[in-house]
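Have a look at the structure below before the remarks.
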Amino acid sequence: MKVVSIVGARPQFIKAAAVSRALRQNHTEILVHTGQHYDLRMSQIFFSEMDIPEPDINLGVGSGQPGWQIGEMLIRLEEALQNYHPDWILVYGDTNSTLAGALAARAAQIPLAHVEAGLRSFNRQMPEERNRVLTDHCSDLLFCPTQNAVNLLAHEGITRGVHLIGDTMYDAVQQFSEVAQQRSTILNDLHLKSKNFVLATIHRPYNTDVPTSLANILAALRALDESVIFPVHPRTRKKIEELGNGLAYLSDNVRMVEPVGYLDMLALEQNARLIVTDSGGIQKEAFFFAVPCVTVRSETEWLETIQSGWNMLVQPIAAEIRQAVKHFSPVGQPPSIFGDGQAAERCVEILEASADRT
Ligand code: UD1
Ligand code: UDP
């Protein structure tokens, strides 16, 4: 079996790592990088740390307006795909690279499989929600991380080709959290004590591109009377600089650092007292590690994390964030709903079985 996997943004490298390993045991994978993320710390570091093979081709699309970015990816994918005749195109998650990959597969009439299908935030203002819905509705195989995702697809009339496999990000955490404990030196480097700091990441446009929201989030972090480690996404750094006096919103307790690699991130997550984020993946990782999570969003596609009591939503309002960080204290342990760490193997088995039938 020959599979073309399409990735482009940070969370996709992490989602693809385990699948790529499982796939290459008996099959041929051609890895296509759209180039959506390109900084060393947004891309290459994940390939090195997670032993992901170098992409066979990098389309080098880079940053731009969404229409341009998706269009340019589609043009370059169409050309690249002429060189391969895969049994499947595999796309991950909900970024512009996901949608471009899905459209390219349809245009070339190549069967399409979507990993992390069935997620819904029900907020169509978010590009990710539009990307997910469109990708799901043109996929032949839909690999769901949770039962809830399977149910949501059924509500939209999609039942054919739907498989509950578990979460490939959970696979990655299973494979790499011990490695992170052994290899990451970030706690020492930043002089951090376990359970004595808050980890923060913010990169969603509705938080970064609305100056009052961004200023409120920074003010909330500054007002905390504990250390905050803040690995800053390039989009966010740009927007903080644009705030003009953005850095004035921060004080000594807030350490802005460059985006960190996966192993450092796992070490930070496992040892944080609490996580403040608007990231999809980090909400889940907080849950995997039983670390309380305060999510600066109006809704989330990872509803189970809220229902279990380990994640809570807040608005980008300084007092609200501060109160949540101070007082949010889940009890018990998060339930096991993201599979058994074998999602990647299941994904490959199903691709294999279904390829025989195409
Ligand atoms: C994208 C995804 C989002 C995902 C996030 C993961 C879409 C619509 N959004 O958002 O779902 O959560 O990736 O991190 O696909 N930039 C750099 N260097 C890089 C990459 C980006 O400087 O390597 C800067 C550029 O100024 C760029 C901006 O970040 O314009 C935004 O990048 P982009 O890929 O468009 O969106 P993200 O915010 O990263
Ligand atoms: N991540 C990382 N370093 C960072 C920030 C995030 O390794 O500085 C990892 C994180 O552990 C998770 C994934 O990137 O596995 C989440 O990606 P991101 O927050 O960029 O996107 P989202 O999940 O919101 O789409």
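Atoms considered below: every heavy atom in the structure, side chains included; atoms not considered: hydrogens, waters and symmetry mates. In listed order, ligands and their atoms are each counted from 1.
- P145 pairs in a side chain to side chain contact (heavy atoms under 4.5 Å, CB included) with only one of the listed residues (L119, T168, I165), which is L119.
- Only side-chain heavy atoms of E269 come within less than 4.0 Å of ligand 2; its backbone N, CA, C and O stay farther off.
- When every heavy atom of G309 is checked against every heavy atom of F328, the shortest pair comes out as O-CZ, 3.3 Å.
- With a 4.0 Å cut-off on non-hydrogen atoms, S279 touches ligand 2 through its backbone as well as its side chain.
- Other residues, nucleotides and ligands place more than 12 heavy atoms under 6.0 Å from the CD atom of E299.
- Residue E285 has at least one nitrogen or oxygen atom sitting less than 3.5 Å from a nitrogen or oxygen atom of ligand 2, judged on distance alone.
- If you look at V260 next to ligand 2, the close heavy atoms, those under 4.0 Å, come from the backbone and the side chain alike.
- One option in P205, P234, S279 has a heavy atom closer to atom 24 (C) of ligand 1 than any other, and that option is P234.
- Checked by distance only, ligand 2 and D94 stay at 3.5 Å or farther apart across all their nitrogen or oxygen atoms.
- In terms of polar-atom proximity, Q36 is counted as a contact of ligand 1, with an N or O under 3.5 Å from an N or O of the ligand.
- Side chains of H137 and E156: a donor-acceptor N/O pair is present below 3.5 angstrom, by distance only.
- Between N131 and ligand 1, no N or O atom pair is found at a separation short of 3.5 Å.
- A donor and an acceptor atom, one from each side chain of S177 and Q270, are nowhere located under 3.5 Å apart.
- At least one N or O atom of G280, backbone or side chain, sits closer than 3.5 Å to an N or O atom of ligand 2.
- Using a 4.0 Å heavy-atom cutoff, T201 is absent from the residues neighbouring ligand 2.
- No heavy atom of R41 sits closer than 4.0 Å to any atom of ligand 1.
- Backbone and side-chain nitrogen or oxygen atoms of I282 are examined, and none is located within less than 3.5 angstrom of a nitrogen or oxygen of ligand 2.
- For E128, every heavy-atom contact with ligand 1 shorter than 4.0 Å involves the side chain, none the backbone.
- Residue-level proximity to ligand 1 for H37 is carried by backbone and side chain together, each with a heavy atom below 4.0 angstrom.
- The shortest N or O to N or O distance between R235 and ligand 1 is under 3.5 Å.
- Residue contacts with ligand 2 include R204, since one of its heavy atoms falls under 4.0 Å from the ligand.
- The nearest heavy-atom contact from the protein to atom 5 (C) of ligand 1 is H203 NE2, 3.7 Å.
- Nearest to atom 25 (C) of ligand 1 among the protein's heavy atoms is S63 OG, 3.4 Å.
- Ligand 2 lies nowhere less than 4.0 angstrom from a heavy atom belonging to H233.
- The aromatic ring centres of F338 and F287 sit less than 6.0 Å apart.
- Residue E128 places no heavy atom under 4.0 Å from ligand 2.
- For ligand 2, one of its N or O atoms has an N or O atom of G281 under 3.5 Å away.
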